[in-house]
Trainee: 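Below you will find the structure I want to go over with you.
Counting begins at 1 with the first residue of the sequence.
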Amino acid sequence: MKSIRRFSLLKVLLLAIAAMSTSTIPAHAQTAAGTFTLAHRVLWVGAVLPAGNYAFSLNSQDSPARVTVRQVGGPIVAMLLPQSISDDNFVGSSSLVLHEEGGESVVSMLRLKNIGMALQFASPRLATTVAETAGLGPIADSQPAK
């Protein structure tokens, strides 16, 4: 009788642990939004973004996760799919990381400090790494969306 009771208690405990672990998965999905300014023309995946002010949003609950970029106060200019998304506990502010490729500035990564996420974007072969983020300044407005 005691062994049946222990076995039942063990099943209930395992079921509770399984339920808790699956309920934490959606909490990992994040939503973020922010603004950035480009000082010059930039290629981002298949989009060409001229110099100007932009707003972005990310909803990683979507499958696949995508970044929507629009001109501030204007229309959507691109919907971009990251090549990979990883957890990132970097030090510093959120940033749009660029590199030079064939004489063009290309976005390679969007780092979102507030949600601890780095989005890597596909691009043609990496030619020369630029040791800057194209004078963008920090993405100070980056924050979890409400």
Side-chain angles (χ1 to χ4, degrees), residues 7-146:
F7 181 69
S8 294
L9 182 61
L10 180 62
K11 283 188 347 187
V12 169
L13 182 60
L14 288 175
L15 183 61
I17 291 171
M20 286 189 306
S21 65
T22 54
S23 68
T24 60
I25 292 171
H28 189 270
Q30 298 286 329
T31 302
T35 60
F36 60 93
T37 300
L38 296 175
H40 60 276
R41 177 185 132 129
V42 172
L43 303 177
W44 194 347
V45 186
V48 177
L49 304 179
N53 297 318
Y54 295 89
F56 74 91
S57 61
L58 163 75
N59 184 350
S60 65
Q61 292 176 337
D62 292 344
S63 183
R66 71 177 180 269
V67 176
T68 302
V69 179
R70 66 177 59 240
Q71 291 180 322
V72 172
I76 292 175
V77 293
M79 295 178 100
L80 309 161
L81 299 174
Q83 185 176 27
S84 64
I85 300 174
S86 60
D87 291 336
D88 194 0
N89 296 323
F90 60 95
V91 177
S93 60
S94 295
S95 60
L96 192 60
V97 180
L98 306 178
H99 67 270
E100 187 177 328
E101 198 170 297
E104 297 275 2
S105 290
V106 177
V107 173
S108 59
M109 184 180 295
L110 175 60
R111 299 181 90 173
L112 301 170
K113 180 180 181 177
N114 297 44
I115 60 174
M117 205 178 254
L119 291 81
Q120 183 77 34
F121 291 90
S123 66
R125 277 187 305 181
L126 180 64
T128 308
T129 302
V130 177
E132 64 168 342
T133 57
L136 296 175
I139 302 177
D141 299 19
S142 177
Q143 57 191 341
K146 295 176 175 110

Trainee: Closest approach of H99 and S108, non-hydrogen atoms and distance?
Mentor: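 The answer is ND1-CB, 3.3 Å.
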Trainee: Does any part of the side chain of W44, heavy atoms only, come nearer than 4.5 Å to the side chain of V77, both counted from C-beta?
Mentor: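 SC-SC contact between V77 and W44 ruled out.
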Trainee: Can you tell if the side chain of R70 reaches within under 4.5 Å of the side chain of P75, non-hydrogen atoms only?
Mentor: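 No, every pair of side-chain atoms sits at 4.5 Å or beyond.
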Trainee: Are Y54 and Q71 side-chain neighbours, meaning at least one heavy-atom pair lies under 4.5 Å?
Mentor: yes
Trainee: Verify side chain to side chain contact (heavy atoms under 4.5 Å, CB included) between L96 and V107, making sure each step is shown before the conclusion.
Mentor: CA-CA 7 Å; L96 192 60; V107 173; 3.7 Å; yes
Trainee: Out of curiosity, R111 CZ to S86 OG, how far, rounded to the nearest 0.5 Å?
Mentor: 8.5 Å
Trainee: For a quick test of reading the model, state the closest non-hydrogen atom pair linking A78 to A47 and the distance between them.
Mentor: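 Heavy atoms of A78 and A47 come nearest at CB-CB, 3.7 Å.
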Trainee: Working to the nearest 0.5 Å, report the span between CD of Q120 and CD1 of I85.
Mentor: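 If we round to the nearest 0.5 Å, Q120:CD and I85:CD1 are 11.5 Å apart.
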Trainee: For the backbone of N53 and the side chain of T37, can you confirm whether one donor and one acceptor N or O come within less than 3.5 Å of each other?
Mentor: no
Trainee: For residues L112 and F56, determine if any side-chain heavy atom of one lies less than 4.5 Å from a side-chain heavy atom of the other.
Mentor: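 The answer is yes; the side chains approach within 4.5 Å.
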Trainee: How close do L81 and V45 get, heavy atom to heavy atom, and via which atoms?
Mentor: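 Heavy atoms of L81 and V45 come nearest at O-CG2, 4.5 Å.
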Trainee: Over all heavy atoms of both residues, which pair between A65 and P82 is shortest? Give the atoms and the distance, please.
Mentor: O-CD, 3.2 Å
Trainee: Pair S105, E100 - check side chain to side chain contact (heavy atoms under 4.5 Å, CB included), show working.
Mentor: CA-CA 5 Å; S105 290; E100 187 177 328; 5.7 Å; no
Trainee: Less than 4.5 Å apart, any side-chain heavy atom of I115 and any of L58?
Mentor: yes
